[in-house]
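Written below as structure tokens is the structure these notes are about.
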Amino acid sequence: MSDDSKNVPRTVSVLVPTPSPVPYTYALPDGVSADPGAIVQVPLGPRQVAGIVWEVGDNGNDIDPAKLRPVTTVFDCPTLTPDMRRFIAWVSRYTLSAPGMVARMVLRAPAAFEPEAPVAGLALTDERPQRMTSARERVVALAAESSPMAWTRSGLAHAAGVSLSVVDGLAAAGTFEAVTLPPTAIVAPPDPNHGPPDLHDSQARAAEALTGDIQADRFAATLLEGVTGAGKTEVYFEAIAAAVSAGRQVLVMLPEIALTQAFIDRFEARFGAPPAPWHSDLPPKTREKVWRQVAEGSVEVVAGARSALFLPFADLGLVIVDEEHDAAYKQEDRVYYNARDMAVVRAKLADCPVVLVSATPSVETRHNALEGRYRHLRLDRRHADAALPDVALVDMRQNPPARGGFLSPVLLDAMAQTLEKQEQSLLFLNRRGYAPLTLCRVCGHRFACENCSAWLVEHRFRGQLQCHHCGHHEPVPEACPECGTFDHLVACGPGIERIAEETLTHFPDARVIVLSSDMAGGVKRLRLEMEAIAKGEADIIIGTQLVAKGHNFPLLTLVGVVDADLGLANGDPRAAERTFQLLSQVTGRAGRTGRQSLGLIQTFQPDHAVLKACASGDAEAFYAAQLAERERGRMPPFGRLAAVIVSATNRPDAEAHGRALRAAAPSSSDITVLGPAEAPLAMVRGRHRFRLLVHGSERADMQAYLRAMIATAPNPRGSVRVAVDVDPQSFL
DNA sequence: AACCAGGAAAAG
DNA sequence: TTTTCCTGGTTA
């Protein structure tokens, strides 16, 4: 080492969790080295934070050497792979967010960066205790049988059916010696041959195509499309089996990990062990273990929510995105991203296959498949015993419900017949509570939330008026707060509680179960109810969106959609797409018993193209119509990224911020800066391209915010950035 | 004079 | 993002 290099401090640049557009430079203490991708602890202001070494040596950031602070610790932890580092950079650039904030998502396992503590174990020796009891006998026999495998103290006691003191006694007598065991694996390794599937022809062909991709061992994007019950899961399980056999790691993404016990059960049946879980509610200990073992490469399959995309896989060999159309893949705070799209990028950078799976693919994924950017595999038939239901629209103008009711005679008749046959019916209405609006018949007062100006929803079971945006609730008053009149409050419109009430007036002896996400008793109760339904302990099920996802209802032969128009009129450019997906899923719940089954969709717009497509099951017509909408400019075209700055505070830097983003953004993007007055109006009129990013308006708080802005004067709420839609072409 | 909220600035 | 600093306005 020359004299020069002794005086010049060796430096590294580190991604730290700040909104800084560049990494920060730190000094490397003598004798310490760190490669790019190493995980380090560094001082940042008054605190210590975890960061990722980005570059080693002079990076041209030109910081005053006196200002440099030293790296505190280089963690003894696997270095991030080059493809992971490229992924961080890519996501940062694409989403217009600071690289350090993306890095922060990777380092979301605070205690995982040090090696796991080894576990204390006991191994059998040749010593035998002087006094042998039957309990001791059992322990020694068990240990001898499994020798040379070592046991944990409690594991051995438990397995031999003795108390801990028996084991302790043997250890004291020298029959066991203390050894250290490697940390226990979070899950057992999956066995690709545990439960081989029985695939029908079209499944087998699709599975073959996917396993071919695994063998080819390079990037390939596939859309796997097939109606509910066509067996998509079995098909991609074969791809997983192939990847696991090849010794590669697999990431399976699911939209709502909390609700996916059904998936885990199926996985376990196929592979003999569950996948490692990853989601935001994971207990810290588990979280840490999974992160570490994924980084070390010892976990083979992870099933996770969108954040699993940022796990530091050592050797990623396959990515699956199940229910790829699901809006839960969108993250709409901090770093805005759609995990489905980032999954494609992740696979591209890791040079491994990615499979997008859906019965009702999103329009942009369908478009990519059509254009040949994704291979399109289709499973077009259901298993032999499961026929799709016949679906029909019920014109509510021709078949009006009884006064004060919401169920048409046609639907009631079908329900009666289903009851007669002792089969199950499902009524779907995407509205919780009793009624979405309450008003005073005397003075016209409408009950609105004091915080966010949304209507308060009556929940009659609970005797409350609730705001579904901010969670505010109050008891239902007896008198109108405006005019003081008693007993003149009227409920307007239906919620599932009201539909349940109406159902019981028609079928007083039917066993009715109401399912919604806010049900008392939580997830546990929900699962019990689902089991009861599967056992045939209900005749009529009434539910919200919840019933569209996950659980199957094996005895169901009638599905009634109470109000198909509900989702079509909310101003969201994706309303049609979402309605199509939701109704397809809901009507797909029926028809698994091999009996004749029926779907009835109540609507006031029987000529609406989307609803007609739902009824005829003609997905092609639906997608063609959607693509035409984009062509006509009613929806933004593909292939552009948009971002909008809505500055609600007139901050003078908003414009500068916008200009900076504009400069940093990819050339295909379109960024607009709008002030507090014009933004909501532009949004409403659709003058600006952020009709596209009305993704933002899916957020309840954003809607409430905009409503407040339109109704009143500018309302200081900080600077809000709504951004990002898909730019499918730039992935490939 | 002490206290507080809220915004701006800095962090290597 | 998190923390500190600064300011203007309030309370004691």
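Below, read A as the first sequence line, B as the second, and so on, with proteins coming before strands; counting in each chain starts at 1.
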From [atom1] of [X] over to [atom2] of [N], roughly how many Å is that when rounded to an integer?
{"X": "A:L44", "N": "B:dA9", "atom1": "CG", "atom2": "C1'", "answer": "14 Å"}
{"X": "A:I52", "N": "B:dG12", "atom1": "CD1", "atom2": "P", "answer": "19 Å"}
{"X": "A:Q41", "N": "B:dG12", "atom1": "CD", "atom2": "P", "answer": "14 Å"}
{"X": "A:M101", "N": "C:dT2", "atom1": "CE", "atom2": "P", "answer": "7 Å"}
{"X": "A:D64", "N": "B:dG12", "atom1": "CG", "atom2": "P", "answer": "12 Å"}
{"X": "A:M105", "N": "C:dT1", "atom1": "CE", "atom2": "C1'", "answer": "14 Å"}

Exercise. Hey, does A:P19 reach any base, or is it just sugar-phosphate, or nothing, if we go heavy atoms under 4.0 Å?
Worked result: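 Base, at least one base heavy atom under 4.0 Å.
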- With heavy atoms under 4.0 Å as the rule, sort A:R47 into base, sugar-phosphate or nothing.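 Answer is base: heavy atoms of A:R47 come under 4.0 Å of a base.
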Less than 6.0 Å separating the ring centroids of A:F310 and A:Y337?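 They qualify: ring centres under 6.0 Å apart.
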**Prompt:** Just wondering, do A:V302 and A:V294 contact through their side chains at under 4.5 Å, heavy atoms?
**Reply:**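 They are in side-chain contact.
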Given A:R292 and A:E296, is the salt bridge (Lys or Arg N to Asp or Glu O under 4.0 Å) satisfied, shown in steps? CA-CA 6 Å; A:R292 182 83 198 184; A:E296 282 166 349; 3.0 Å; yes
Using atom types as modelled, flag every donor-acceptor pair under 3.5 Å from a side chain in residues 98-117 of chain A to any protein atom, sequence neighbours excluded.
unit_1: A:E116; atom_1: OE1; unit_2: A:K289; atom_2: NZ; d: 2.9
unit_1: A:E116; atom_1: OE2; unit_2: A:Q293; atom_2: NE2; d: 3.2

What's the closest nucleotide to the side chain of A:Y24 if the choices are C:dT3, C:dT2, B:dG12?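 Selected nucleotide (nearest to the side chain): B:dG12.
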